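Read the structure below first, then the notes.
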Amino acid sequence: MADVKVAALVASVRSSPGIHYKNPRFPLNIKLPDNLECGSKIYIHGCVAAEPNRFAINLKNAETDANNYLHFNPRFDEGAVVRNSRLDEAWGDEEREGDMPFTPGQPFLITIIPTVDCYEIQVNGSPFISYNHRDGMPLCDVTHIAMWGDITLYGIHLPLKSLPIPLNLRIPKNTFYGDTLVFTGEVPSGADRFHVNFQCGPKEDADIMYHFNPRFPENSIVCNNRCAESWGDEQALEGSPIVPGDRVTVVIVAAREGFIPFINGNPLPSFAHRLDVCAACTIVIDGDIRLENVTFDSPPVRLPPHIPDIDIDAFDDKTVQTIRASTPVTMSLPCCFGPGKGVYVSGKVSDSPSRFEINLQCGEADSDIALHFNPRFDPSSELVLNSRDDGSWGEEIRESNPIAPGSEVEIYILCQDSGYVIIIDGDVVIGNFPHRIDSSRVTHVNVDGSITVHRILGM
């Protein structure tokens, strides 16, 4: 059983209000929602590649042609973590003190805490180093974070006590089919309207791929697009499911057929794409809404080190996905399932769960099951693994259950030559569940039970 320390730390971080990027596309270059200030934190959750050379985290003052206020650069080829700054294209003196805190193939959580004098950096919850601010490089000028290198990036988390309105979010490498925006907040008493725009840049006159606009005096929700400063035909839903004073959770999915909005878990009519969705690089939320938590959830295309990455340019040819599905849900997998393939499931476990299951099936229904993954919470907490062949269950394998009630969870089931590897929130929980049924027979994945499904991805 793997050490679940990193997963436990990440669970706490995920639950804190703020900005969350899940599976952001890589290399990464995004604008922070506000300039850094003392006491703010940046959490970076990832996993080192199996055979890494180096990776880097850069805090900068612009997206391009920027000064680099903190360059944090683990170099496995040199056995050191290099820290430095670059001002007006000139690098300063390197700092290399400290042992290498990262292990190839293992997950990590990096915490960056700005203070008056320095950046305090923790790794997996333990202090690692302090890096003093360089002359002429004040903390308040930092506006962007960029990352590159030999890691899988699971998430970046920016806890904030309050979120600014308007909120302007940079979408890593622009919008892609399956990207999902989730935000929670409160509509204040006396509210007139608010809007969410997926648009081509942060400027007010930018083209808008999707404009989602609840209007409370009119008791309607209007959706539209804008091209070359000209609005299209409005698509209006009469009878808004929210009113001033309500708490609200809004989900917007950039699906292949169009943008699909959800309010408090209920789907609304989709809005067919009128412009190239991939041109949307910015999300703007503005108007009468008090934001508490914002998550931008992307389909993972850089995978754990156990299997090769998915080429984002060929993503649709190699993957299938289901988003925001009601359980039970069964999804067909890409053809030729077997070693090197896998399934990803993300969702939220019920607050008072009984159990849920993920089945790799040899058919759509009442089929043989190559892998039965079954976290159980009641009457006792345990993780059960099994298979079913010709209608008969095999011998159960029982492990301690690393999944907590009410938690957000990300599960990878990766098929290898000898069996299945199961990774939960970045930690390997099952190193090898041996094949009892030929993996080439697997055609479907089924999810059922005490979990709200956010995404199922077959690759």
Side-chain angles (χ1 to χ4, degrees), residues 165-171 174-188 190-291 294-299 316 321-326 453-455:
I165 290 291
L167 179 67
N168 190 306
L169 289 183
R170 178 71 166 90
I171 303 171
N174 294 18
T175 304
F176 203 75
Y177 292 126
D179 283 348
T180 303
L181 172 70
V182 184
F183 66 87
T184 59
E186 182 179 355
V187 180
D192 179 63
R193 63 180 67 188
F194 70 86
H195 66 257
V196 182
N197 292 340
F198 282 69
Q199 60 187 55
C200 296
K203 295 183 178 180
E204 290 187 4
D205 61 353
D207 286 352
I208 298 173
M209 281 67 227
Y210 181 55
H211 174 72
F212 176 82
N213 181 207
R215 301 177 182 179
F216 301 108
E218 301 172 19
N219 191 30
S220 68
I221 296 177
V222 171
C223 299
N224 209 339
N225 77 295
R226 187 178 69 193
C227 183
E229 301 187 18
S230 178
W231 287 98
D233 294 332
E234 290 185 347
Q235 176 178 306
L237 172 67
E238 300 301 327
S240 173
I242 52 174
V243 297
D246 282 353
R247 291 184 52 78
V248 63
T249 297
V250 176
V251 177
I252 298 176
V253 179
R256 175 168 292 280
E257 62 271 28
F259 288 97
I260 305 174
F262 296 74
I263 290 184
N264 295 336
N266 299 308
L268 302 179
S270 63
F271 181 84
H273 297 302
R274 298 174 180 176
L275 300 172
D276 181 7
V277 65
C278 297
C281 62
T282 302
I283 292 172
V284 175
I285 305 175
D286 198 2
D288 299 323
I289 181 76
R290 297 192 189 105
L291 293 174
V294 177
T295 298
F296 191 77
D297 181 0
S298 300
D316 289 326
Q321 62 179 319
T322 296
I323 304 171
R324 301 278 157 173
S326 300
V453 173
H454 294 166
R455 184 188 309 273

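What you see is a predicted model; the values in this text were computed from it and never measured. All values below come from the heavy atoms of this structure, side chains included, with hydrogens, waters and symmetry mates left out.
- The minimum heavy-atom distance linking I260 with S270 is given by the pair CG1-CB, 3.8 Å.
- For the pair Q321 and G178, the tightest heavy-atom approach, listed with the atom from each and the gap, is NE2-CA, 3.7 Å.
- Closest heavy-atom contact between V277 and M209: CA-CG, 4.2 Å.
- Looking at every heavy atom in both residues, P241 comes nearest to I221 through CD-CD1, 3.7 Å.
- When each of T295, T249, V294 is tested with F183 by the rule side-chain contact (heavy atoms from CB on, under 4.5 Å), just one qualifies, namely V294.
- How far CZ of F271 is from CG of N225: 5.0 Å, rounded to the nearest 0.5 Å.
- Between the side chains of N224 and R274, at least one donor N or O lies within less than 3.5 Å of an accepting N or O.
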**Prompt:** Going through the checks in order, is the side chain to side chain contact (heavy atoms under 4.5 Å, CB included) test met by I252 and F198?
**Reply:** CA-CA 10 Å; I252 298 176; F198 282 69; 3.8 Å; yes
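- Between the side chain of D276 and the backbone N or O of C278, at least one donor-acceptor pair lies under 3.5 Å.
- Paired with V253 under the rule side-chain contact (heavy atoms from CB on, under 4.5 Å), one option of D179, D297, T180 passes, and it is T180.
- Between the R193 side chain and the E218 main chain, no donor and acceptor come within less than 3.5 Å of each other.
- Checked by atom type and distance alone, the side chain of N197 never pairs as donor or acceptor with a backbone atom of I283 at under 3.5 Å.
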**Request:** Apply side chain to side chain contact (heavy atoms under 4.5 Å, CB included) to I242 and N264, showing your working.
**Result:** CA-CA 9 Å; I242 52 174; N264 295 336; 4.1 Å; yes
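- With hydrogens and angles disregarded, no donor-acceptor distance shorter than 3.5 Å links the side chain of Q199 to the backbone of H211.
- Looking at R215 and N213, their side chains do bring a donor and an acceptor atom within 3.5 Å of each other.
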**Asked** Going through the distances and angles, do F216 and V187 end up as a side chain to side chain contact (heavy atoms under 4.5 Å, CB included)?
**Response** CA-CA 10 Å; F216 301 108; V187 180; 3.6 Å; yes
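- Listed for the T175 side chain is a donor-acceptor partner under 3.5 Å among the backbone atoms of A280.
- In this structure, the side chains of P299 and I323 stay at 4.5 Å or more apart for every pair of heavy atoms.
- Going from atom OG1 of T322 over to atom NE2 of H454 covers 14.0 Å, rounded to the nearest 0.5 Å.
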**Request:** Kindly determine whether F212 and L181 satisfy side chain to side chain contact (heavy atoms under 4.5 Å, CB included), including the steps that lead there.
**Result:** CA-CA 12 Å; F212 176 82; L181 172 70; over 6 Å; no
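- Closest heavy-atom contact between C200 and C281: C-SG, 3.8 Å.
- Between A279 and N174, the closest heavy-atom pair is O-ND2, 3.9 Å.
- In this structure, a donor-acceptor pair under 3.5 Å is absent between the side chains of N219 and S240.
- At a threshold of 4.5 Å between non-hydrogen side-chain atoms, the residues D192 and P217 count as touching.
- L291 places a side-chain heavy atom less than 4.5 Å from the side chain of I289.
- L275 places a side-chain heavy atom less than 4.5 Å from the side chain of C227.
- In E204, the CD atom is not crowded: 12 or fewer heavy atoms of neighbouring residues, nucleotides or ligands sit closer than 6.0 Å.
- If you take CG on N266 and CG on L268, they are separated by 7.5 Å, rounding to the nearest 0.5 Å.
- Of the possible polar contacts, none joining the D286 side chain to the H195 backbone as a donor-acceptor pair under 3.5 Å is found.
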